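Here is the structure we will look at, set down as structure tokens.
Note that the coordinates shown come from a computational prediction; the quantities given were computed from them, not determined experimentally.
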Amino acid sequence: PALNASEITPKQTTTVVYFLAGSEAAAAAIANELGGVATAPMPAPIPTETGKLGEASVLILLGTDVAGKPLTSPVPTSPPAVAVTTTTVA
């Protein structure tokens with residue numbers, strides 16, 4: 001389920017898509033869908049009410065720059081495809 005920003009997180013003027021290690025490509029795809037907003041590694045502490053993400057690896061901190069505005073493209077109904085490269089050592 002969605003979480004709210006923690007009470008100590010100030011109101012954001014700029015939207016940022018935060019990611020955990022390994023989720024950089026997913027964060028970039030989401031940021032692109034939001035019009036090319038910034039991405040950044042997840043801060044510590046995590047800026048949610050609980051300080052946790054649950055099973056999520058990406059957090060969108062919506063700022064006043066994007067809030068209440070329509071997206072430029074339709075929102076996908078499934079997560080963006082992310083290429084995964086596997087290396088096998090013989």
Side-chain angles (χ1 to χ4, degrees):
L3 298 173
N4 291 319
S6 70
E7 291 181 10
I8 62 169
T9 302
K11 187 172 188 174
Q12 301 295 303
T13 56
T14 305
T15 299
V16 178
V17 180
Y18 291 112
F19 57 86
L20 294 177
S23 295
E24 294 87 346
I30 293 166
N32 186 52
E33 289 294 328
L34 292 173
V37 301
T39 63
M42 191 69 63
I46 296 172
T48 62
E49 290 173 309
T50 62
K52 299 177 183 177
L53 290 175
E55 295 179 18
S57 61
V58 174
L59 173 69
I60 303 167
L61 210 56
L62 194 63
T64 57
D65 59 336
V66 175
K69 297 178 183 172
L71 297 175
T72 56
S73 62
V75 177
T77 56
S78 60
V82 178
V84 176
T85 302
T86 305
T87 304
T88 305
V89 177

Got a second to check how far [X]'s [atom1] is from [Y]'s [atom2], nearest 0.5 Å?
| X | Y | atom1 | atom2 | result |
| --- | --- | --- | --- | --- |
| Thr39 | Asn32 | OG1 | CG | 11.0 Å |
| Ile60 | Gln12 | CD1 | CD | 13.5 Å |
| Ile46 | Leu61 | CD1 | CG | 12.0 Å |

| query | For Leu59 and Pro47, which heavy atoms make the closest approach, and how far apart are they? | reply | CD2-CG, 3.8 Å
| task | Over all heavy atoms of both residues, which pair between Leu34 and Val37 is shortest? Give the atoms and the distance, please. | result | O-CG1, 3.6 Å
Listing, residues 14-27 side-chain donor-acceptor contacts under 3.5 Å, not counting sequence neighbours, or none:
| residue | atom | partner | partner atom | Å |
| --- | --- | --- | --- | --- |
| Thr15 | OG1 | Gly63 | N | 2.8 |
| Thr15 | OG1 | Asp65 | OD1 | 2.7 |
| Ser23 | OG | Ser57 | OG | 2.8 |
| Glu24 | OE1 | Gly22 | N | 2.9 |

